[in-house]
Amino acid sequence: MVHQDERCFDLVVVGAGSGGLAAAKRAASHGASVAIVEGGRVGGTCVIRGCVPKKLLVYGSAVGEQLADGPSYGWPVPPVAPQTHVLLDHVRREVDRLNGIHEAALNRAGVVLVRGWGRFLDAQRLLVGEQVLRGETILIAVGGQPVRPHLPGAELALVSDDLFLLERFPSSMVIIGGGYIACEFACILRGLGVAVTQIVRRQLLRGFDRGCVASVEAGMMEKGLVVRKGVSPQAISSTTTGRRVELSDGSTVEAEAVLLATGRTPRLDGLNLAAAGVAVAGPRIPVDGDQRTNVAHIFAVGDVTDRINLTPVAVDEGRAFADSRFGQTPRHTDHSLVASAVFTQPELATVGLSEEAARQRHGDQVRVCEARFRSLSRALPKTGSPCHLKLVLGLQERVLGCHMVGEHSAEIIQMAAIALGMGATKADFDRTMALHPSISEEFVTMG
Ligand code: NDP
């Protein structure tokens with residue numbers, strides 16, 4: 001039954017982040033009538049409080065090292081302190097610009113933007129503010145949000161979303177966590193002169209190649225970061241100058257502020273999935289290869305499905321869903337061989353298996369080639385951590401994993417991912433003439 005005030009669409013997308021935007025625009029290009037529901041700002045985590053503003057902060061924090069290198073290259077730059085209020089203000093302005101671009105792109109694509117948080121009334125209808133939207137097909141693309149662990153005083157800490165809203169960065173920070181967000185912000189803040197202590201209960205960057213992580217860690221230490229491993233936070237409290245964190249070994253650490261970077265979880269609160277009969281598994285929505293939930297006309301993409309929580313994966317899932325459902329080109333997203341980068345300083349990028357994962361799967365067939373060296377750009381300053389390049393080889397010397405720590409590693413591994421996707425062997429790498437002098441030439445010359 002159609003409610004009197006209902007607006008009906010072929011597709012209603014809930015969430016205007018990377019996955020939702022990609023799906024909505026692609027479905028509209030196939031001729032579908034599409035509405036997209038967003039309670040926050042169009043662009044989602046990646047554009048508003050994630051990848052993009054974070055990368056701008058990475059660039060901003062790296063300027064300090066470039067200035068410090070100045071004298072060795074004949075630029076006698078006197079020591080200067082960063083103005084983090086200026087950096088944060090400029091980053092926010094760029095985010096505003098991108099937000100506008102994404103809204104305009106929706107408009108151009110003919111997608112109706114409905115502002116507000118969506119709540120399922122039943123399997124076909126969503127309530128958004130006062131409006132009722134009916135979708136023949138519904139796509140859930142609501143993304144994720146930071147987890148605040150159950151810890152006395154956890155509300156006194158910042159989460160990554162908050163960092164982009166600060167007036168200026170504090171002079172000191174305790175960062176809890178050893179994952180992507182903790183490590184990236186530890187390096188950003190350190191580069192901007194903040195005294196950082198990172199609290200890591202197990203390992204830094206769990207799941208990445210351990211040898212490469214050791215190289216990242218060495219580089220982080222060289223920049224003056226304090227990393228305390230094997231301790232967990234027990235409680236957070238206020239002091240007259242900031243915050244105190246009690247640790248599991250009985251010690252305490254103090255700073256002007258604390259950042260909780262303890263993971264992210266799908267943002268399901270308020271959706272009322274039960275009314276639509278959509279099943280959840282723990283905090284996530286399980287889907288099949290078509291991105292379909294247990295309800296035939298309800299689909300989900302991106303972080304809400306909690307598989308590989310990266311922007312390009314969500315975008316591809318969204319487009320594959322739209323092409324399959326509304327176009328004439330059904331396809332599935334390929335979740336194998338997804339390259340990723342951690343924008344620490346030094347940067348870590350990787351595609352394929354770590355040495356540990358390869359040995360677990362392929363045992364003695366695995367051979368490793370690696371090279372550690374100081375890049376030419378560091379020859380005059382005589383400071384900076386070495387680059388670390390690593391190939392993990394399997395049967396018949398097929399390249400199973402390609403890892404890099406150092407300058408431009410994300411840019412370089414992006415191209416290596418093409419070779420790995422094509423099944424390249426070490427011989428294919430070796431046959432490629434080196435481009436000299438470059439960092440990545442070592443990938444085609446190392447034994
Ligand atoms: P991660 O899951 O990568 O790391 C969470 C960290 O917090 C781990 O070190 C974990 O320890 C630790 N932790 C969890 N709970 C506690 C606790 N109670 N006390 C102490 N430590 C705790 O999450 P992030 O928040 O860093 O990132 C979330 C996701 O966002 C990533 O998985 C990634 O998909 C995405 N992302 C990607 C980026 C990129 O591509 N460059 C950048 C930023 C985010 P333990 O390992 O012991 O469990």
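One-based numbering, in listed order, for ligands and for the atoms of each. Throughout, residue positions are numbered sequentially from 1 according to the sequence presented. It should be emphasised that the depicted structure is a prediction, and the values quoted were computed from it without experimental measurement.
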Can you measure from CZ (R190) to CE (M173) and round to the nearest 0.5 angstrom?
13.0 Å
Using a 4.5 Å cut-off on heavy atoms from C-beta on, say whether the side chain of E356 contacts that of D209.
yes
What atoms in ligand 1 come closer than 4.0 Å to a heavy atom of A341?
39 (C), 40 (O), 41 (N)
The protein heavy atom nearest to atom 12 (C) of ligand 1 is G177 CA, 4.0 Å
Look only at interatomic distance and state if G263 has a nitrogen or oxygen under 3.5 Å from any nitrogen or oxygen of ligand 1.
yes
Residue, atom and distance of the protein heavy atom nearest atom 42 (C) of ligand 1 read E184 OE1, 3.3 Å
Does T425 offer a backbone N or O that forms a donor-acceptor pair with the side chain of D428 under 3.5 Å?
yes
Short side-chain to backbone donor-acceptor contact, S409 and V405, under 3.5 Å
no
Closest candidate by heavy atom, reference atom 46 (O) of ligand 1, pool R206, K55, E347, R201:
R206
Using modelled atom types only, decide if a donor and an acceptor are shared between the side chain of S172 and the backbone of A255 within a distance under 3.5 Å.
no
How far is atom 19 (N) of ligand 1 from its nearest protein heavy atom, and which residue and atom name does that atom have?
P233 CD, 3.7 Å
Checking a contact table here: which protein heavy atom is nearest atom 18 (N) of ligand 1, and how many Å away?
P149 CB, 3.6 Å
Taking the six-membered ring for Trp, is the centroid-to-centroid distance between F299 and F326 below 6.0 Å?
no
Could you tell me which atoms of ligand 1, counted from 1 in the order shown, lie closer than 4.0 angstrom to a heavy atom of A261?
5 (C), 6 (C), 7 (O)
Quick check: does L310 get an N/O under 3.5 Å from an N/O on ligand 1?
no
For atom 9 (O) of ligand 1, grab the closest protein heavy atom and report residue, atom and distance to one decimal in Å.
G178 N, 2.8 Å
Does the separation of the ring centres of F185 and F343 fall below 6.0 angstrom?
no
Got a second to check how far C387's SG is from E407's CD, nearest 0.5 Å?
5.5 Å
Rounded to the nearest 0.5 Å, what separates atom OG in S61 from atom NZ in K54?
11.5 Å
Non-hydrogen atom of K54 closer than 4.0 Å to ligand 1:
yes
Atom 47 (O) of ligand 1: nearest protein contact (heavy atom, Å)
R202 NE, 2.7 Å
For atom 4 (O) of ligand 1, what is the nearest protein heavy atom, given as residue, atom name and distance?
G179 CA, 3.4 Å
Side-chain donor/acceptor of R374 to backbone N/O of R378, under 3.5 Å:
no
Can you tell me the protein heavy atom closest to atom 34 (O) of ligand 1 and the distance?
N309 O, 2.9 Å
Side chains of F120 and I298: closer than 4.5 Å at any heavy-atom pair?
yes
For G277, does its backbone N or O pair with a side-chain atom of N294 as donor and acceptor, under 3.5 Å?
yes
Check whether any heavy atom of S340 sits under 4.0 Å from an atom of ligand 1.
no
Of L205, V58, L204, I181, the one whose closest heavy atom lies nearest atom 27 (O) of ligand 1 is I181
Heavy atoms only: which of Y180, F343, F185, F208 lies closest to atom 36 (N) of ligand 1?
Y180
Considering the heavy atoms of R264, write down every atom of ligand 1 situated less than 4.0 Å from one of them.
28 (C), 30 (O)
Polar atom proximity, V342 to ligand 1 (N or O, under 3.5 Å)
no
Flag Q203 as yes when one of its N or O atoms lies below 3.5 Å from any N or O atom of ligand 1, and as no otherwise.
no
